[in-house]
Amino acid sequence: MLQLQAIRDHKDEFIKALQKRNVDGESLLNGVLFLDEKRRTTQTQLDATLAESNKLSKEIGMLFKSGKSQEANVIKEKTGSLKEESKQLSEALNGINEELQTLLFQIPNVPHNSVPSGNTDDDNEEIFREGDIPKLIEKAQPHWELAKKHDIIDFELGVKVTGAGFPVYKGKGARLQRALISYFLDKNAEAGYTEIQVPHLVNETSGFGTGQLPDKEGQMYHVGEDDLYLIPTAEVPVTNLFRDEIVNEKEFPICYTAYTPCFRREAGSYGAHVRGLNRLHQFDKVEIVRVEHPQNSYEALDGMVEHVKNILRELKLPYRILRLCGGDLGFTAALTYDFEVFSTAQDRWLEISSVSNFETYQANRLKLRYKDENGKSQFAHTLNGSSLALPRVLAGILENYQTADGIQIPEVLVPYCGFDTI
RNA sequence: GGAGAAAUGGCAGAGUGGUCGAAUGCGGCAGUCUUGAAAACUGUUGAGGGUCACACCUCCGGGGGUUCGAAUCCCUCUUUCUCCGCCA
């Protein structure tokens, strides 16, 4: 959520930046400013009424104490109209606040200066590419064929137990999953991220805190009976740890890493692009989350990008980094870098990580603050990234590492797996 | 799941209808003393709105009610604790 003060101060810049998302910032922000103005005048009127009525109440109290109950009763009669007035004003104020809130929830984050304008993922800007695309054997297969051949992932079995998009990993496949999780967590811990385990269901307030609600309501599984949501990413529970907190400036940088399964309804997805591991309803991911001082957040973002690069280098997977264009940028992000691994057998790039700076957008919703040097509360910056999402990494490994003698395991994973070939 | 008790500032903990945003202690911050630190002493220290700055307003788990006036009384929800039941 954008800050009112920031909108007041930077309206024109914001409108221009929002154009990169093809969002009509002008009418939205003008609407906000109009309501904000209305809110303040109403609030002022209400405050004055309450002040008057507080004053009278105190007088009544004193009069009763000194035994002048008759005079007290005279004043008492005056309070009736004040009460009525304040009731009306506070109802009006509540209405305005609700309207303002609803409007603010509709406005996405303001893109960072470096974000290119554009509508679709075709307009994303490739900023980096590394790793050799392997020359595959004659009869190279996509990962879903390989998974079947080696009996390491059973998609049909998942369909029987749950439905499409819930695969069952078997034998070496399951072990490789576990190896990847451990390896990623170890790498993140090594880089200074504290490992934590968090709930896989969150309440509605948490959904609002990180911005999944109300924007992506339909993308999350909802447990109606208990009004809880299955997490679409560890970002939600981990970032919400800091909801309603005022952290000490000295604690920065705050760095956490967590492994969780992620649940996404993926309503509307279909076709060849969702085959195999490409798009699932349940998948595993190791996430990194940072809470930063606003001055350092972009440096931190760069650090996270370097960190993910290192992991992909160690895995020896060919990858590229994209800077997302305005149209492809998530609702809450100011700047996002996507990592994609080249899946040779499918001849396409697969997104395996998304690293973003949310600036104060989430912090404002979360009321996540720190004290600046003047002792004033300021919103912190939040960031997160996948480090990494498992299924497509697995797809990349299976496809790129296939040989005539089976699938090789990347060297760094062998100690975690206990085998070097599938 | 059943019965009872409770929820107050970073923490502990007073406060049962009026001047209480709230005693006191701990912690934090600043200072005195000290070569430095500790101890001791002094001061300061919740959040949000509003204002150029004050004034002023709101907040004592959430929501609603009674009252001129609510941390305090009533209703309701949530959470925690104790006992019982069940259980990985």
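Letters go in sequence order (proteins before strands), and every chain restarts at 1.
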Requested in this report: For nucleotides B/G18 and B/C41, find the distance between their P atoms and express it as a whole number of Å.
Outcome: 35 Å
Taken to the nearest whole Å, CD/A/Glu77 to C1'/B/G69 is 16 Å
**Whole-angstrom distance between B/U32 and B/A39, as gauged at atom C1'** = 13 Å
Answer for the Watson-Crick or wobble partner of B/U24, both distances under 3.5 Å, is B/A12
Please give the distance between the C1' atoms of B/C60 and B/C73 as a whole number of Å. 16 Å
- Query: Would you say A/Glu411 has more than 12 foreign heavy atoms packed within less than 6.0 Å of its CD?
  - Reply: no
*Please indicate whether A/Lys367 has more than 12 foreign heavy atoms, meaning atoms of other residues, nucleotides or ligands, lying under 6.0 Å from its NZ.*
yes
N/O contacts under 3.5 Å, protein versus nucleotides 56-58 of chain B?
residue : atom : partner : partner atom : Å
B/C57   : OP1  : A/Asn54 : ND2          : 3.1
B/C57   : O2'  : A/Asp47 : OD1          : 2.8

Separation of B/G48 atom P from A/Met1 atom CE, nearest Å, is 14 Å
When rounded to whole Å, the NZ to P distance for the pair A/Lys376 and B/A47 reads 12 Å
By the Watson-Crick or G-U definition, both distances under 3.5 Å, B/C54 is matched with none
Partner of B/U19 under the Watson-Crick or G-U wobble criteria, both distances under 3.5 Å, comes out as none
Comparing A/Asn94 with A/Lys250, nearest RNA chain B nucleotide closer to 5' gives the residue A/Lys250
Scanning all shown strands, the Watson-Crick or wobble mate of B/A70 with both distances under 3.5 Å is none
Ring centers of A/His381, A/Phe358 separated by less than 6.0 Å: no
### Message
When the P atoms of B/G65 and B/G28 are compared, how many Å lie between them, rounded to an integer?
### Response
43 Å
Practice task
Evaluate whether atom NZ of A/Lys148 has more than 12 neighbouring non-hydrogen atoms of other residues, nucleotides or ligands under 6.0 angstrom away.
Solution key: no
Rounded to whole Å, the CG-C1' distance (A/Asp244 to B/G46) equals 14 Å
For the residue pair A/Tyr298 and A/Glu359, confirm or rule out a side-chain donor-acceptor distance under 3.5 Å. yes
For a salt bridge (Lys or Arg N to Asp or Glu O under 4.0 Å) check, start with the C-alpha distance between A/Asp12 and A/Lys16, then their side-chain angles and the critical distance, and finish with the verdict. CA-CA 6 Å; A/Asp12 294 336; A/Lys16 211 168 153 204; over 6 Å; no
Counting only heavy atoms not in A/Gln197 (residues, nucleotides, ligands), do more than 12 fall under 6.0 Å from its CD? no
Look at all strands and tell whether A/Ser57 reaches a base, only sugar-phosphate, or nothing, counting heavy atoms closer than 4.0 Å.
base
Using Watson-Crick geometry (N1-N3 plus N6-O4 or O6-N4) or G-U wobble (N1-O2, O6-N3), each under 3.5 Å, B/A88 is paired with none
Exercise for review: Can you tell me, in whole Å, how much space there is between the P of B/U24 and that of B/A14?
Suggested key: 15 Å
Checking N1-N3 plus N6-O4 or O6-N4 for Watson-Crick, or N1-O2 and O6-N3 for wobble, each under 3.5 Å, the partner of B/C29 is B/G43
By the Watson-Crick or G-U definition, both distances under 3.5 Å, B/C81 is matched with B/G4
Check this one for me: any side-chain N or O of A/Lys371 less than 4.0 Å away from OP1 or OP2 of B/U45?
no
Geometric cation-pi criterion A/Lys172 and A/Phe419, 6.0 Å radius, 45° cone
yes
Please report the distance separating the P of B/U66 from the corresponding atom of B/C74, rounded so that it comes out in whole Å. 15 Å
### Message
Distance check, C1' atoms only: B/U78 and B/G64, in whole angstrom units.
### Response
15 Å
5'-most contact on RNA chain B (nearest-nucleotide basis), A/Ile246 vs A/Gln5, goes to A/Ile246
Has A/Glu251 got more than 12 heavy atoms of other residues, nucleotides or ligands less than 6.0 Å from its CD? yes
Side-chain contact check for A/Lys83: nearest option of B/C68, B/A47, B/G50 is B/C68
Ranking B/G18, B/U51, B/G48 by distance to the side chain of A/Ser377, first place goes to B/G48
note: A/Lys87, atom NZ; B/C68, atom P; distance rounded to Å ~ 14 Å
### Query
Hey, is the main chain of A/Leu383 close enough, under 3.5 Å, to the side chain of A/Arg290 for a donor-acceptor pair?
no
Is the phosphate of B/A47, meaning OP1 or OP2, less than 4.0 Å from a side-chain N or O of A/Arg369? no
| Span that lies between the P atom of B/G4 and that of B/U76, in whole angstrom | 13 Å
A/Glu98 CD to B/G63 P, in whole Å, measures 14 Å
A/Leu368 CG to B/A47 P, in whole Å, measures 15 Å
B/G49 phosphate, OP1 or OP2, under 4.0 Å from A/Arg39 side-chain N/O:
no
Rounded to whole Å, the CG-C1' distance (A/Asp227 to B/C77) equals 14 Å
